[in-house]
There are 2 protein chains.
Amino acid sequence: MKSTGLLVDCGAPPTGDSHTDCHKVIMPVRDALDVISGKWKLPIIIAVSRGHNRFRDIERSIPKITSKVLSKELKDLETHKLIRRTVYDTQPVQVEYTLTPYAATLESVIVALQQWGLQHRKKILGK
Amino acid sequence: MKSTGLLVDCGAPPTGDSHTDCHKVIMPVRDALDVISGKWKLPIIIAVSRGHNRFRDIERSIPKITSKVLSKELKDLETHKLIRRTVYDTQPVQVEYTLTPYAATLESVIVALQQWGLQHRKKILGK
DNA sequence: GTAACCAGTTTCCAAAAGGTAAGTGCTTTA
DNA sequence: TAAAGCACTTACCTTTTGGAAACTGGTTAC
């Protein structure tokens, strides 16, 4: 999903619509998806929140991610103020990724997705 | 996000990892994202749940969606047993899209995303 | 002194997602 | 009888996403 700005342009709601509450749900959901959808963003946030704070550590903790993709996604997450990148002036330099307090607000989203994903897997495997 | 099967192959978790609980979160989240991520799936589910049941009606209720994309996404959602397509044997044929009971289980995910999206928009617009 | 680790970047490419525009076959409305 | 609506499909194209592999420039461990 392309992010032209920081929020989604949903256009004007159709006029004369008897279901305008529909847009009151769709618009915020699209704003949220714009930030967190895609294959890697939430997995990265989860990994960092679980104590994987170094680049190679995050990379190893997320199956099949490549360094190129990780590098790009970390930059996106920084732009959205969800992850902070700290460089320590050591020899050699150490780089640490941490969640911002703002990222903690995603907890309920992650929990909802985790629980739905768990029951979905059970359903598909034919519990 | 490509869906080769119905569930994500996350590979084996790294061995000797002190943060294995990380995978217990990442895997179900990726299973869930595999079904619902992308720009249109949740907006379509929301629209249908709000009483937009005909093709053109859904199309009009979601800003900027095109009939090509809507057609494709509806098929995906049918495959995932989230939407049911019913054809009425009238002249001309009427087609109705409804949510399956299973789709109702996504309610908590939608609510979590809606609320996060709402506060995110407020934050970005500099409340 | 060479192999390995760190934190990435670069290049090249394929696949997936999404947009534009037009068209199809049917029916209903003005 | 022409215009418009319904439920789509098709062809073509651009953008986005993702993957493989090599490489950089440093440091540390053996």
Side-chain angles (χ1 to χ4, degrees), chain A residues 1-5 8-11 14 16 30 33-44 47-48 52-79 83-98, chain B residues 1-5 8-11 14 16 30 33-44 47-48 52-79 83-98:
Chain A
M1 188 178 306
K2 173 185 57 181
S3 228
T4 47
V8 169
D9 172 21
C10 280
R30 288 202 43 190
L33 286 175
D34 207 39
V35 176
I36 60 147
S37 95
K39 199 169 173 173
W40 303 111
K41 289 191 179 64
L42 285 180
I44 291 168
V48 173
H52 300 277
N53 300 107
R54 308 281 300 275
F55 191 91
R56 290 287 173 209
D57 192 14
I58 300 168
E59 195 177 354
R60 272 190 298 264
S61 73
I62 301 174
K64 311 207 168 170
I65 201 169
T66 63
S67 41
K68 176 192 146 188
V69 168
L70 178 56
S71 171
K72 185 222 160 220
E73 297 286 288
L74 283 169
K75 281 173 191 161
D76 286 1
L77 291 167
E78 244 193 297
T79 303
I83 276 192
R84 179 166 25 245
R85 181 176 184 270
T86 315
V87 182
Y88 292 101
D89 194 12
T90 52
Q91 284 298 336
V93 284
Q94 277 202 4
V95 180
E96 196 179 75
Y97 294 93
T98 48
Chain B
M1 187 179 305
K2 174 185 56 181
S3 227
T4 45
V8 169
D9 173 21
C10 280
R30 287 202 44 192
L33 286 176
D34 207 38
V35 176
I36 59 148
S37 95
K39 200 169 174 175
W40 303 112
K41 289 190 181 63
L42 286 180
I44 290 168
V48 173
H52 302 277
N53 300 106
R54 307 281 302 274
F55 190 91
R56 288 290 171 207
D57 191 15
I58 300 167
E59 194 177 355
R60 272 189 298 265
S61 73
I62 301 174
K64 312 209 168 170
I65 200 170
T66 63
S67 41
K68 177 194 146 186
V69 168
L70 177 56
S71 170
K72 186 221 160 222
E73 298 286 288
L74 283 169
K75 281 173 191 161
D76 286 2
L77 290 168
E78 243 193 297
T79 303
I83 275 191
R84 180 167 22 247
R85 182 177 184 268
T86 314
V87 182
Y88 291 101
D89 194 11
T90 52
Q91 285 297 335
V93 285
Q94 277 202 5
V95 181
E96 196 179 73
Y97 295 93
T98 47

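Below, chain A is the first sequence line, B the second, and so on; all start at residue 1. Values in this document were obtained by computation on a predicted structure and should not be read as measured data.
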Requested in this report: May I have the distance from Leu70(A) (atom CG) to dT10(C) (atom C1'), rounded to whole angstrom?
Outcome: 16 Å
Query raised in the report: When the distance from CG of Asp34(B) to P of dG18(D) is rounded to whole Å, what number comes out?
Result: 12 Å
Query raised in the report: What does Glu59(B) touch in the nucleic acid at a heavy-atom separation under 4.0 angstrom: a base, only the sugar-phosphate, or nothing?
Result: nothing
Query raised in the report: Is a salt bridge present between Lys72(B) and Asp76(B), judged by a nitrogen-to-oxygen distance below 4.0 Å?
Result: yes
Query raised in the report: Side-chain N or O of Trp40(B) less than 4.0 angstrom from OP1 or OP2 on dG19(C)?
Result: yes
Query raised in the report: In whole angstrom, what separates Ile44(A)'s CD1 from dT17(D)'s P?
Result: 13 Å
Report task. Please answer whether the main-chain N or O of Ile58(B) pairs with a side-chain N or O of Ser61(B) as donor and acceptor at a distance below 3.5 Å. Result -> yes
Query raised in the report: Can you find a donor-acceptor N/O pair under 3.5 angstrom joining the side chain of Lys64(A) to the base of dG19(D)?
Result: no
Query - Residue-phosphate contact under 4.0 Å: Gln91(B) side-chain N/O, dT27(C) OP1/OP2 - result: yes
Report summary line: Rounded to whole Å, the CG-C1' distance (Asp57(B) to dC6(D)) equals 12 Å
Report task. Provide the closest heavy-atom pair for Ile36(A) versus Lys41(A) in the form atom of the first, atom of the second, distance. Result -> O-CB, 4.0 Å
Query raised in the report: CD of Glu96(A) versus C1' of dC6(C): gap in Å, rounded?
Result: 14 Å
Query raised in the report: If you pin Leu74(B) and Val69(A) to their nearest nucleotides in DNA chain D, which one's is more 5'?
Result: Leu74(B)
**Report entry** Pair Trp40(B)-Leu70(B), side-chain contact (heavy atoms from CB on, under 4.5 Å): steps then yes or no
**Finding:** CA-CA 8 Å; Trp40(B) 303 112; Leu70(B) 177 56; over 6 Å; no
Query raised in the report: Would you say a side-chain N or O of Lys39(A) is under 4.0 Å from OP1 or OP2 of dG19(D)?
Result: yes
Requested in this report: Measure from OH on Tyr97(B) to C1' on dC6(D) and round the result to the nearest Å.
Outcome: 11 Å
Query raised in the report: Between dT9(C) and Lys75(A), is there an OP1 or OP2 to side-chain N/O distance shorter than 4.0 Å?
Result: yes
Query raised in the report: Is the backbone N or O of Tyr97(A) less than 3.5 Å from a side-chain atom of Asn53(A), with the two atoms forming a donor-acceptor pair by type?
Result: yes
**Report entry** Residue-phosphate contact under 4.0 Å: Arg54(B) side-chain N/O, dA7(D) OP1/OP2
**Finding:** yes
Report task. Check the distance between dG26(D)'s P and Asp89(A)'s CG and give it to me in whole angstrom. Result -> 15 Å
Query - Value in whole Å for how far the C1' atom of dG18(C) lies from NZ of Lys41(B) - result: 12 Å
Query raised in the report: Is Ser71(A) near enough to dT9(C) that one of its side-chain N or O atoms lies under 4.0 angstrom from OP1 or OP2?
Result: yes
Query raised in the report: Is there a side-chain polar atom (N or O) of Gln94(A) under 4.0 Å from OP1 or OP2 of dC6(C)?
Result: no
Query raised in the report: Between dA16(C) and Lys72(B), is there an OP1 or OP2 to side-chain N/O distance shorter than 4.0 Å?
Result: no
Query raised in the report: Do Glu78(B) and Lys75(B) sit within salt-bridge range, that is, some charged N less than 4.0 Å from a carboxylate O?
Result: no
Report summary line: Quick note, Lys68(A) side chain, CB onward, closest among dG19(C), dG18(D), dT28(D) is dG18(D)
**Report entry** Any Arg60(A) side-chain N or O less than 4.0 Å from OP1/OP2 of dC6(C)
**Finding:** yes
Report task. Using heavy atoms to find the nearest nucleotide of DNA chain C for Phe55(A) and Arg56(B) separately, return the residue whose nucleotide is more 5′. Result -> Phe55(A)
Query raised in the report: Closer than 4.0 Å, any side-chain N/O of Tyr88(A) to the OP1 or OP2 of dC6(C)?
Result: no
